[in-house]
There are 2 protein chains.
Amino acid sequence: MLTSDVSETTGHRASEGNGMSQIQRPGALYRQVAAAIRDAIATGEYPPGTLLPSETQLIERYGVSRPTVRNAVAALRTEGLIDVVHGKGSYVRGAPTPALTIERTVSHDNGGTFTLDGGAGWQQPEKPHAYRTTTTMATGPLLGLEEGEALFGVDRLLIDPTTGTRALHQTLIPFATAEGTELADHPDTEPAAIYALFTEAGHTLHWTETVRARMPLPDERTTLHLHDATPLLETTRVTHGSGDQPLILETLRTSADRTQLTYRIAPEQPRNLSAIR
Amino acid sequence: MLTSDVSETTGHRASEGNGMSQIQRPGALYRQVAAAIRDAIATGEYPPGTLLPSETQLIERYGVSRPTVRNAVAALRTEGLIDVVHGKGSYVRGAPTPALTIERTVSHDNGGTFTLDGGAGWQQPEKPHAYRTTTTMATGPLLGLEEGEALFGVDRLLIDPTTGTRALHQTLIPFATAEGTELADHPDTEPAAIYALFTEAGHTLHWTETVRARMPLPDERTTLHLHDATPLLETTRVTHGSGDQPLILETLRTSADRTQLTYRIAPEQPRNLSAIR
DNA sequence: ACTCATCACTCGTCAGTACGAGTGACGTCA
DNA sequence: TGACGTCACTCGTACTGACGAGTGATGAGT
């Protein structure tokens, strides 16, 4: 039995011509079913890990057809509320507690070394894949190059052994920065070693990281073992040398429901400061 | 006509008992249709902004039924590749170019002030909503409190006037930090002013930001005007005072396809450093 | 010239039916 | 006791048919 009294939200504020729309019309039957299940989950009637009623049971319970039930379940699935497993049923997904925290605190230890990618002791189950590419519309500007410049590329699959979290790491090295270094012959050098290389060459490095999120492509879904309705956290790190010129570009892609990034922000000289926004 | 030769991937590597699964079986008809359209988009046959063939046309072209076509389209939709508009058709979505870059560079200007939330001149179209809550399982540890401690809460809807990007901002202030300050009477003070308040009280502030991404809840979808298959970027910022004790907790939720966060990382004293990972 | 009803097109929703495919338990058989 | 086939349950896929609802152009009417 559904909520027979569906309050028709007629007077929705006029859309400001965004061209995107997709308003929530609760009138649809499957939306009512979805809302009912969603509420039941939120209420605690179905705690995380619980098996939801089967499709046939939902059909009987709400008196609707199977397409309607499946539509409702599909909605909850794209919201990331449930995990549907073929021969078994629909499991309520727990709160997406990130198992892996990637800390980006710049901290010194006794030897003068410091760490990025804090904590996570990545392992590489496969050999890194080295190749050659050119800058694209997206990567060019970040490296301060035109579109179509030659690059070394290295792809790695990283796995955090304690949590099993997977990550995709890409390193892009312009020919200009590899020139004259051992990178020209060994572009698949570990990022840590690359940094050391440049600091020993007299560079003072700093980094610019931009964090974005998006839905994964099908192949990213499979290689990263992503659940349904799980976004991708994409971190792009540009390493700058002395004089601010970009040296290399790294991209780290991880599962958003297993990973979070932490940054520690502090003013360099804590002197008189007044307004922040 | 579809690719009649479907290579059956029978011997898939045994799942490592993750309990999640969902393997890509290309055998399904609608997957083949989806793949065909996806390739056509990738090839450039349907550039961004283009209208895809209508359902009826796709039915004829691939010789399948309408549910199959709709299933294929739904797949592309959850991948974020297309935007489907009711009476019009399916538009190819362009590359998700973030219009808004929130910079988290800690930079000083002449007056000794510095900015977080760089650039974005947020506006508040509505009055902030102040209320009272208690710490939850998620918020408690961040503030160094037990679960169930009393909090002031303030919710704001922010809009970036130049791009129209929306954001949801939440401020949580423990009673302990509000005590003795004007925050007890005016918890809806602007974060900037709150920071100033504590610095003038002699605190040296620093911040810890953690970035996560997840799919939006239905109400977040509507209030943030989110497209289909668009994740939410959730930034949680804890303000620490002198002595590292957490003072307030802020959460900023924005559309992931219109927003990116940029952090600038530099070692404090650029002396001898060797290894990074 | 302007207004507005109509129509053809689009996607959205819902029903019913059928069969394939994965999972796990149960029971038979060696 | 152990191996294995069967069966009942789950969701996945695909088809048919029908109607509702949003959009835009066309054309009749004023």
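Proteins get letters first, then strands, A, B, ... in listed order; numbering begins at 1 in each. Values reported hereafter were calculated over all heavy atoms of this structure, with side chains retained and with hydrogens, waters and symmetry mates removed.
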Could you tell me how far apart [X] ([atom1]) and [N] ([atom2]) are, to the nearest whole angstrom?
X       : N      : atom1 : atom2 : answer
A:Asp83 : D:dC11 : CG    : C1'   : 14 Å
B:Tyr62 : D:dC15 : OH    : P     : 15 Å
B:Leu58 : C:dC11 : CG    : C1'   : 12 Å
B:Ile59 : D:dG17 : CD1   : C1'   : 12 Å
A:His86 : D:dT10 : NE2   : P     : 12 Å
A:Tyr30 : D:dA21 : OH    : P     : 14 Å
A:Asn71 : C:dC11 : CG    : P     : 16 Å
A:Leu29 : D:dG20 : CG    : C1'   : 13 Å

Whether [X] contacts [N] is assessed here as follows: a side-chain N or O lying under 4.0 Å from the phosphate OP1 or OP2. Is that the case?
X       : N      : answer
A:Arg77 : D:dG12 : yes
A:Arg31 : C:dT13 : yes
B:Thr56 : C:dT10 : yes
B:Lys88 : C:dC11 : no
A:Thr68 : C:dA15 : yes
A:Ser54 : D:dT10 : yes

Polar pair under 3.5 Å, donor/acceptor by atom type, side chain A:Arg70, base D:dT10:
no
Go through B:Asp228 and B:Arg221 one step at a time and tell me if the salt bridge (charged side-chain N to carboxylate O under 4.0 Å, His left out) criterion holds.
CA-CA 9 Å; B:Asp228 267 349; B:Arg221 268 189 52 112; 3.3 Å; yes
Do A:His227 and A:Arg258 meet the criterion of a side-chain donor-acceptor pair at a distance under 3.5 Å?
yes
Looking only at side-chain atoms of [X], point me to the closest of [options].
X       : options                : answer
B:Ser90 : D:dC11, C:dC11, D:dA14 : C:dC11
B:Ala28 : D:dT10, C:dT13, D:dA14 : D:dA14
A:Pro67 : C:dG16, C:dT13, C:dG12 : C:dG16

Yes or no on salt bridge (charged side-chain N to carboxylate O under 4.0 Å, His left out) for B:Glu79 and B:Arg38, after CA distance, side-chain angles and deciding distance?
CA-CA 10 Å; B:Glu79 294 174 21; B:Arg38 185 169 29 236; 2.5 Å; yes
Would you check, one step at a time, whether the test salt bridge (charged side-chain N to carboxylate O under 4.0 Å, His left out) holds for B:Arg214 with B:Glu220?
CA-CA 11 Å; B:Arg214 51 161 238 263; B:Glu220 294 172 324; 2.4 Å; yes
To the nearest 0.5 Å, what is the distance between OG1 on B:Thr236 and CD on B:Glu209?
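The CD atom of B:Glu209 is 8.5 Å from OG1 of B:Thr236, to the nearest 0.5 Å.
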B:Glu55 vs A:Arg66, nearer the 5' end of DNA chain C by closest nucleotide:
B:Glu55
DNA chain C: 5'-proximal contact among A:Ser65 and B:Gln57 (nearest heavy atom):
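Result of the comparison: B:Gln57.
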